[in-house]
Every structure is written in C-alpha cells, then in structure tokens.
Amino acid sequence: MTDLINLMNDLLWGSILVYLLVGVGIYFTFRLGFIQFRHFGHMFSVLRNSRKSDSSGISSFQALCTSLAARVGTGNMAGVAVALTLGGPGAILWMWTTAMLGMATSFAESTLAQLYKTRDKDGNYRGGPAYYMEKGLGMRWMGVLFSIFLIIAFGLVFNAVQANSISSAMNTAFGFEPLHVGIVIVLLSSSVIFGGIRKIARTAELIVPFMALAYIVIALAVVFINIDKLPAAINLIFRSAFGLEQAAAGGIGYAIAQAMINGVKRGLFSNEAGMGSAPNAAASATPYPPHPASQGYVQMLGVFVDTIVICSATVAIILMSGEYVPHGEITGIELTQRALISQVGDWGSIFVAFAIFFFAFTSIIANYSYAETNLIFLEHNNKKGLVVFRIIVLGMVMFGSLATLPVVWSMADVSMGLMAIVNLVAILLLSGIVVKLAKDYNRQLKAGKLPTFDANDYPELKSQLEEGIWDNNKSQ
C-alpha cells in the first residue's frame, strides 16, 4: 500500500502538478494583468471593510480567518521544515514563487465561488468548486468527483496530518502520550464542528489572528537577534534554488528539481492556492463591496499572509538557528522546536507546541467545514449523513494522533494532488468569466463607485446563478 501511494506521489508531483500549478498561476497572472502586484494595496482596503455580514453569510473577515485556519497549520511549521530537509534552502524560493503566482489563481477560484454560491436549507450561503463546476460548466459529474476528493483530503486525511503534528509537538514539549492528546483534540473538535459553519467561523476569528501575530513577533525577535546572519541566509536560499550551492559537487539538475518539487509541493500544501479549498470559505461570506471579485481580493491576501509572512517566519527561525542539517534525520515540527529552543531557551519548545496546537486545531475545524459544504453538495443537506460524517472525521483525528508522519503525509499529498487537478481544469475553463468580473469590478472602482454586481447586467450568466442572490443587487 505504501509503495502504491509513493508511486502516485511521484507521478503527480514529479511531472504533472508542478508544471500545472505554476502554469495556471502564470496564466492568470497575465490574464488578470498582474493583479496581485498592481492591486496589492487594494487587498488591505477591502479587508478594512470586511466585518459586515447578513443573515445568510459570515463576514469576509470571518471567511478569511476560516481559510487561514485551514491554511495556517502543519504546512507552516512542520511542512517548511520538511521542505528544507528534502529540497534544501532553495525550496523556499520556489515556495515563495508558488505563492506569488498562486495569489492570481486564488483570486480566480474565490471569485467564481462567490458568483455561483447558493443557499442551503438553513439559509446559509454555500459554494465552492463543486458548485461552479455544476452551475458554470454544467458538469455535475465533475463537481461530484471534486467533492469526493476534497472530502477524502480535507475531511479525513488532512485532519489526520494536523492531529499528528499536535500529538508530536505535545510529546516533544511535555512528554504527553499521543493517545491522551488525541482524546483531547477529539473532544475539543467535536464541541465546535457540531455547532455548524457559524461557530467554526467565530472560533477561527478569535484564535487565528492572535496566534499568527504572536508567531510573527517571535520570528522577528529571532531575526533581530541574528540580524548579522540575515544576508547569508537569503543568499543561501537563492544559491540553492538554482543549484549554485551544489555546483562544485555536480548534480545541479537534480538539486534544482528537488528544490522545485519540494518547494511547490509544500507551498501548495500551505497556502492551498488552486487546490479548491479556500473557495468553500469564500462562498460562505457576504462580500463587501457587494461584488464576487471582492472575495477574490480577500482570499488573495490570505495566500500572501500564509506563505510570504508566516512560512517565512519559520524559515528564519530554522536557518538562523544553526540546527538545520541538509537531508538530516531531524525534520518536521521537531526541527522547528529545536531551532527555536536554540534561540530563546527551553520555553521555545513550549511556544511552538502551543502554536501548532492552535494552528492545527483551527485547521481541523476549518477543514471539516470545507468537507461539510461538499457533503451537502452530494447529499443535498442530509442531516443524518452529516452526523455520521462528523463521527468519521473525529475517528480520523484520533488515527492521525497515533499514526506515523510519512504514511499520513504521503496520503495527504496524493489526495490533495487529485483534487487540485480537477479544480485547475475547471477554473481554466471558466477563466473568461473571471476576467469579465475583474474588469467589471475595477471599472467601477476607477469611476469612484462602490463595485457592485447585478446579475441583470449579465444575461449570459444570469441563468446559471441561483435566483435571488445577485438579482437587483444595485437596488438593495
């Protein structure tokens, strides 16, 4: 079984996804006129007005925190350490590149999710790739396929990965038994996920900003302590990315390939741009400005914060600590903990343990919310089915607390890769609509108006949209 998983991993990440992800990112970067660079400041402008919501949706800020809850977790702490160990410091440059290109991809998928969102039986907004595949492309079968991959990846496997990192961190810091840690995670997770999407959003809104800020402050302190080492660390990343560090020993091509593969893989695992996960949160929001593209800007900011800010914080902690050993045996969250201990003392391990606990815990509940939205897509809001699924999710959390990292991580890579391929194909097919919405939004913005979307202005789209959500929006 392990050999089969590794074979699929090599096929997906060794040849298909690396090129597909980077290619789609480049495609949307050009088609949207380098939107992530030209409108970088506008992302923060949208965020300033992101606390508004209504009875059907959560606020844009809550949607951002929910998507960050899923993004910010093991990929930022354990995943960065794995990328450094397997791909060398050069992997970090490719992780950054993936994020910058992925910002345009994230804009596209989140804008589409807002456009094609629906209301469930409880009156809450729901949407995501499965919904725009069904409504925008008329391919429900594609949406079903995506939903199955997402439920396996986020509802089951990724939650096992997050639980695994929590139990490992708690064992390293306090010596707690994985079984006991698993029981606590299950109890806490159940208290939130049985409360539904709004409780998940409120929990993420409270925890994520606080923990992210605390982690960034610690990383900045480490950089300040080692400010003289900063130029050398940056130089090492760039030299390794292009094989210059390995030139004397030969094998430049292999070194570059390993850096690219591990950097892109961990970049996607961390920021999830193009994977089709964050759009599920984006669709749940009541956007302000009231236009689908405004959620594109919000979620684009999420990619930047996740990878360029928080992942870079972990890179700084590890590379400046002296604990990093290329292809060393110490990797994952243990390497991050050791690195911080060497800088700030024993309490560094405790801090990382708590940081990974809160980051990974919020990832578990946010991942579940994504899976729930897609289960509703498949079952049309079957309440009994949701209860059974929640129990299965909690079972996977317990499994992840006890399982070994390599097997669980490999399963995550395969399931993530399959859902990413389906989503990337869909957003490429719908790229014309993304461009149309982006132009409409920015045309109104340049005219000094509040960008507002009205389906009546787009008769070619109106028949694809759920009635009552975008109709007569300008008069409301």
Side-chain angles (χ1 to χ4, degrees), residues 12 16-17 20-21 23-25 27-28 31-32 63 67 70 102 104-120 124-155 158 268 272-285 287 292-293 295-296 299 367 369-382 385 415-438 453 455 458 460-467 469-470:
L12 283 170
I16 301 174
L17 267 171
L20 186 57
L21 279 165
V24 171
Y27 175 78
F28 277 109
R31 287 224 52 190
L32 295 170
S67 66
T105 309
S106 183
F107 177 91
E109 61 184 358
S110 294
T111 297
L112 288 170
Q114 259 292 314
L115 179 68
Y116 290 108
K117 67 185 179 184
T118 66
R119 284 190 181 94
D120 64 19
N124 298 316
Y125 289 139
R126 297 280 185 176
Y131 294 78
Y132 56 67
M133 289 168 193
E134 179 182 42
K135 291 177 174 295
L137 294 175
M139 299 180 182
R140 179 170 172 81
W141 65 267
M142 194 178 190
V144 168
L145 191 64
F146 175 86
S147 291
I148 292 171
F149 287 142
L150 185 141
I151 288 168
I152 293 172
F154 279 80
F158 278 12
L268 175 62
E272 301 175 11
M275 193 192 303
S277 51
N280 293 276
S284 300
Q295 268 304 297
Q299 295 302 326
N367 289 347
S369 74
Y370 294 168
E372 179 181 277
T373 291
N374 284 269
L375 192 66
I376 288 173
F377 175 83
L378 294 176
E379 290 195 343
H380 299 290
N381 219 11
N382 184 306
S415 53
M416 173 180 67
L418 292 172
M419 61 176 282
I421 289 172
V422 177
N423 181 58
L424 290 169
V425 170
I427 62 175
L428 284 173
L429 293 173
L430 292 167
S431 60
I433 295 174
V434 176
V435 174
K436 185 181 296 185
L437 291 173
F453 180 77
Y458 295 89
E460 73 277 17
L461 295 179
K462 189 174 180 181
S463 62
Q464 300 175 347
L465 308 181
E466 178 155 318
E467 190 176 347
I469 290 184
W470 294 110

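The salt bridge (Lys or Arg N to Asp or Glu O under 4.0 Å) analysis of residues 142-152, with sequence neighbours excluded, yields no pairs. Evaluation of the salt bridge (Lys or Arg N to Asp or Glu O under 4.0 Å) test over residues 422-437, restricted to residues two or more places apart or in two chains, returns Lys436-Glu460.
Residues Ile469 and Arg119 form a side-chain contact, since some pair of their non-hydrogen atoms from C-beta on lies under 4.5 Å apart. Residues Phe28 and Ile427 form a side-chain contact, since some pair of their non-hydrogen atoms from C-beta on lies under 4.5 Å apart.
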Could you pull out all donor-acceptor pairs under 3.5 Å where a side-chain atom in residues 143-153 meets a protein atom, sequence neighbours excluded?
unit_1: Ser147; atom_1: OG; unit_2: Gly143; atom_2: O; d: 3.0
unit_1: Ser147; atom_1: OG; unit_2: Asn374; atom_2: OD1; d: 3.0

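Checked against the 6.0 Å centroid criterion, the rings of Phe377 and Tyr131 qualify as a close aromatic pair. For an aromatic pair to be called close, the ring centres must be under 6.0 Å apart, and Tyr370 with Phe154 satisfies this.
Under the rule for a ring pair (Phe, Tyr, Trp, His ring centres under 6.0 Å), the partners of Tyr458 that lie at least two apart in sequence or sit in another chain are Phe453. For Glu467, there are no salt bridge (charged side-chain N to carboxylate O under 4.0 Å, His left out) partners two or more places apart in sequence or in a different chain. Take Lys462 and apply the salt bridge (charged side-chain N to carboxylate O under 4.0 Å, His left out) test, not counting sequence neighbours, and it matches no residue.
Here the closest heavy-atom approach between residue Gly25 and residue Thr105 is recorded as CA-OG1, 3.4 Å. The heavy-atom pair separating Ala438 from Leu32 by the smallest distance is CB-CD2, 3.8 Å. The minimum heavy-atom distance between Gly432 and Arg31, with the atom names listed, is N-NH1, 4.3 Å. For Gln114 against Pro287, the heavy-atom pair with the smallest separation is OE1-CG, 3.3 Å.
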Evaluation steps, side chain to side chain contact (heavy atoms under 4.5 Å, CB included), between Leu137 and Met142: CA-CA 9 Å; Leu137 294 175; Met142 194 178 190; 4.0 Å; yes
Before giving the answer on side chain to side chain contact (heavy atoms under 4.5 Å, CB included), spell out for Met133 and Val422 the whole-Å C-alpha distance, their side-chain angles and the decisive distance to 0.1 Å. CA-CA 10 Å; Met133 289 168 193; Val422 177; 3.7 Å; yes
Evaluate Asn423 against Glu109 for side chain to side chain contact (heavy atoms under 4.5 Å, CB included), listing each step before the verdict. CA-CA 8 Å; Asn423 181 58; Glu109 61 184 358; 2.9 Å; yes
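Annotation: cation-pi pair Lys117/Tyr125 present, NZ/CZ under 6.0 Å from the ring centroid and within 45° of its normal.
With no hydrogens or angles considered, a side-chain donor-acceptor pair links Gln299 and Ser67 at under 3.5 Å. In summary, the side chains of Arg126 and Thr118 do not present any donor paired with an acceptor at a separation below 3.5 Å, with no hydrogens or angles considered.
Each of Glu134, Lys135, Gln464 was checked for a side-chain hydrogen bond (donor to acceptor under 3.5 Å, both in side chains) with Tyr116, and the lone residue meeting it is Gln464.
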